[in-house]
Structures are given as C-alpha cells and as structure tokens.
Amino acid sequence: MSAVRKRPSLSLKAREAISGWLFVSPILTGFLIFFVGPLIAVFYYSTTEWNLLSQQSRFVGMENYVDALTRNETFWDVLVNSLVFAAGLVPLNMALALGLAIALSKSKPGAVFFRTVFFAPVITSAVAWAIIWTFLLQHESGAVNQGLSIFGIDGPNWLHEPDWAMASVIVTRIFKTVGLNMILYIAALQSIPRDYEEAARLEGANSWDVFRRVTWPLLAPTTLVIMVITVVGSLKVFDHIYLMTGGGPQNGTMVLAFYIYEQGFKFFNTGYAAALAVVLFVLILALTVLQMFLKAVRK
C-alpha cells in the first residue's frame with residue numbers, strides 16, 4: 001500500500017496574509033475603480049483637446065496647462081479668488097471653532113443645547129442653507145438689511161456688489177461648517193487630563209498661561225487635522241458659489257472648482273477642465289504637504 005503523500009500546508013503567516021487581503025479586497029477594489037481609475041482618466045484627458053458634445057478628441061500634450069498658466073488671464077484671477085476665499089475662511093473658522101469649543105466643552109447648563117445649535121448647520125442641506133442665505137442677504141427685502149435699517153444703517157446689496165460678495169459667501173460658509181471643527185476641538189479638549197491644568201495652577205499659572213503652555217500645545221495634532229480638512233474644503237467649495245452668486249459679480253467670486261465646472265459642463269472644454277482639475281489637485285496636495293511639514297518642523 002503506497003503511502004499517501006501529504007499536501008504541503010500554507011504557513012500561518014501566509015494564511016494571515018491571504019485572510020487580510022480578502023478582508024480589504026472590497027474596499028481596495030472600490031478605491032481602484034472609483035478613485036485611482038478616474039484620477040488616471042483625468043490626467044489623460046488633461047493632455048487632450050476633447051469636446052464633450054462631439055466626443056472628438058486629439059492629443060495635445062501639455063498645451064492645456066500652458067494655456068491656463070500663460071495665456072488665460074482669467075485662470076489667475078480665479079486662482080487668486082480661491083486663495084482669498086481660503087485665507088478668509090480658514091483662520092476665522094478655526095478661531096471661532098476653538099472659542100466655541102472652549103466655551104462649551106465643560107458640562108454647563110445649556111452646553112448640550114448650544115452644541116446642537118452650532119452643529120445643526122453641518123447636517124443641514126447645503127442647497128437649503130445657500131438658498132436661505134440668498135434670501136436673507138437680498139438688498140431691500142432681506143432680513144439682514146431690514147435688521148440694519150432699524151439702526152439707521154443702509155445695508156449693501158451683499159451678493160451683487162464686488163466688494164461684499166466674497167465676504168458674504170465666506171461668512172455664510174463659516175456658519176455652515178464651524179460646527180464640525182467645534183466638535184473636533186471639544187473632543188480634543190475633553191481628552192486632555194485635568195492633572196496637567198491642576199499642576200499648572202499649583203505653579204501659579206493663570207488661565208491664559210494654562211491655555212498657552214498646556215492646552216494649546218496638546219491640541220496641536222487636532223489643529224493640524226482641522227486645518228487640513230478646512231483648507232481642502234475651502235479650495236473645493238462649489239455649491240455655495242453656484243447657488244448664491246454664480247461666480248459673480250464680475251467674476252468676483254469665481255473660484256477654481258466653479259471655473260472647472262463652467263469649462264467642462266457649460267462650454268464643454270473637457271480637456272481644459274481636466275487640466276484645471278489636475279492643477280487644483282496639485283495645489284491641494286502641495287498645501288497639505290506644506291502644513292504637515294511645518295508642523296513637523298515645529299516639533
């Protein structure tokens with residue numbers, strides 16, 4: 001009787017590796033199909049002259065990038081608008097979120113109610129939020145100007161004057177998104193051990209010293225996350241611009257994300273729009289890496 005040959009079995013390490021890949025395969029497949037694939041397609045389309053209506057395309061290499069960076073003055077105006085929007089929104093949003101978090105992090109009467117009030121806009125439909133504020137900021141019939149008229153102030157036409165439109169969009173966007181950053185800061189504040197503050201108090205530190213030398217340094221990781229999220233969100237803003245100003249007046253609120261939409265789906269310059277999308281991707285990536293690098297250097 002011949003001996004039965006024993007089939008070689010996989011090692012424990014190999015079985016664990018196979019099990020791990022099987023568990024992550026659904027997410028990995030979705031990531032490859034819905035992120036990596038479209039990203040590669042955008043890079044390819046950015047090197048073509050492709051009209052979305054005629055479906056005719058030809059390879060043009062880097063011509064779309066050259067056109068945006070050297071020939072099209074509108075691109076630079078749009079890029080400046082995007083940076084102005086981010087520069088106005090990010091510090092104000094973070095400062096307000098931190099102030100609200102400090103005020104509402106402790107268990108005080110009404111704290112839960114006010115947390116809910118400030119977080120509610122985050123889960124409110126962006127479309128509904130923008131439409132409501134569009135009505136509130138109307139020149140004559142808007143509630144904001146009617147309230148100012150009580151004090152004898154003649155409010156401007158907020159969304160139709162170049163000097164006020166960008167500021168109006170920034171402020172309404174802050175009110176919409178500050179609640180999320182507030183919750184992140186509250187979670188970070190509540191995770192700081194009370195022993196640190198008590199030890200500082202025993203050494204004679206006042207409230208400002210405790211915040212500056214204890215609380216703020218311990219909030220650094222959370223601040224970095226919030227800063228990255230807020231910067232990325234400010235550079236990708238589209239719905240507020242589309243619904244409240246449509247990029248006007250006089251392209252005063254035309255930001256890069258809205259400009260990409262116009263080029264791709266209004267003028268059907270798909271190749272040029274893809275090139276602009278790549279520029280936006282590189283800009284966001286560069287700013288994110290810069291923020292992480294500066295945070296690492298400070299350590």
Side-chain angles (χ1 to χ4, degrees), residues 27 35 82 85-134 136 167-198 200 207-244 255 257 284-285 287-292 294-296 298-299:
I27 297 177
F35 181 80
S82 297
F85 184 89
L89 183 141
V90 174
L92 292 176
N93 189 309
M94 295 182 64
L96 180 59
L98 180 58
L100 291 172
I102 292 173
L104 301 175
S105 61
K106 297 180 181 179
S107 299
K108 298 178 181 178
V112 175
F113 170 77
F114 284 106
R115 289 180 200 171
T116 305
V117 168
F118 287 112
F119 186 75
V122 177
I123 59 176
T124 301
S125 167
V127 175
W129 183 263
I131 291 175
I132 289 171
W133 274 103
T134 300
L136 292 176
S168 301
V169 176
I170 289 174
V171 170
T172 55
R173 185 71 176 183
I174 289 173
F175 290 159
K176 176 75 172 67
T177 58
V178 71
L180 176 61
N181 292 342
M182 176 196 71
I183 293 298
L184 294 176
Y185 268 131
I186 287 176
L189 287 168
Q190 292 179 344
S191 67
I192 297 176
R194 300 289 299 173
D195 298 344
Y196 296 163
E197 180 180 348
E198 293 173 359
S207 298
W208 171 245
D209 291 330
V210 171
F211 174 78
R212 184 166 58 94
R213 299 186 179 277
V214 178
T215 306
W216 180 245
L218 293 175
L219 290 177
T222 303
T223 300
L224 176 61
V225 172
I226 291 175
M227 185 180 296
V228 170
I229 293 174
T230 309
V231 168
V232 172
S234 66
L235 291 174
K236 295 195 306 178
V237 65
F238 169 79
D239 45 10
H240 270 61
I241 302 297
Y242 178 77
L243 293 166
M244 295 185 69
V255 293
I284 292 175
L285 179 63
L287 289 176
T288 303
V289 172
L290 177 62
Q291 291 173 80
M292 298 180 70
L294 292 176
K295 185 61 69 174
R298 288 178 184 177
K299 291 182 179 180

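Numbering starts at 1 and runs along the sequence shown. Because the structure is predicted, anything quoted here is derived from the model rather than measured.
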Can Leu89 and Val237 be said to form a side-chain contact (heavy atoms from CB on, under 4.5 Å), step by step? CA-CA 11 Å; Leu89 183 141; Val237 65; over 6 Å; no
Would you give the length of the straight line joining atom CG of Leu98 to atom CG of Leu184, rounded to the nearest 0.5 angstrom? 12.0 Å
CG (Leu92) and CZ (Phe175) are apart, to the nearest 0.5 Å, by 10.0 Å
If you count heavy atoms of other groups shown closer than 6.0 angstrom to OH of Tyr242, is the number above 12? no
For the pair Lys176 (side chain) and Thr124 (backbone), establish whether a donor and an acceptor sit closer than 3.5 Å, ignoring hydrogens and angles. yes
The reported gap from CG in Leu104 to CZ in Phe118 (rounded to nearest 0.5 angstrom) is 6.5 Å
Using every non-hydrogen atom in the two residues, find where Ser191 and Ala188 come nearest and quote the distance to one decimal. OG-O, 2.7 Å
Quick one: closest heavy-atom pair of Ala97 and Met182, and the distance? CB-N, 3.7 Å
All heavy atoms of Trp129 vs all of Thr172, minimum pair found to be NE1-O, 3.1 Å
OG1 on Thr215 to CD1 on Ile192, rounded to 0.5 Å: 5.0 Å
Sequence neighbours left out, cut at 3.5 Å: what donor-acceptor pairs do the side chains of residues 216-224 make with other protein atoms?
{"residue": "Thr223", "atom": "OG1", "partner": "Tyr185", "partner atom": "OH", "Å": "3.1"}
{"residue": "Thr223", "atom": "OG1", "partner": "Leu219", "partner atom": "O", "Å": "2.9"}

Would you compute the distance between atom CG of Leu180 and atom OG1 of Thr230 and round it to the nearest 0.5 angstrom? 8.0 Å
Here the gap from Ile226 atom CD1 to Ile183 atom CD1, rounded to the nearest 0.5 Å, amounts to 10.5 Å
Residues Pro91 and Ala86: closest non-hydrogen pair is CD-O, 4.0 Å
Pair Leu243, Thr134 - check side-chain contact (heavy atoms from CB on, under 4.5 Å), show working. CA-CA 8 Å; Leu243 293 166; Thr134 300; 5.6 Å; no
Given side-chain contact (heavy atoms from CB on, under 4.5 Å), test Phe119 with Ile186 step by step and report yes or no. CA-CA 12 Å; Phe119 186 75; Ile186 287 176; over 6 Å; no
Any sub-3.5 Å donor-acceptor pair from Trp133's side-chain atoms to His240's backbone N or O? no
Would you indicate whether the side-chain heavy atoms of Met94 and Val90 approach each other to under 4.5 Å? yes
Shortest non-hydrogen pair, Ala200 vs Val210, comes out as CB-CG2, 4.0 Å
Going by the salt bridge (Lys or Arg N to Asp or Glu O under 4.0 Å) test, which pairs reach into residues 208-231, not counting sequence neighbours? Asp209-Arg212
Salt bridge (Lys or Arg N to Asp or Glu O under 4.0 Å): which pairs involve residues 221-244, sequence neighbours left out? Arg173-Asp239
Indicate the atoms forming the closest heavy-atom contact of Ser105 with Arg115, along with that distance. O-NH2, 3.4 Å
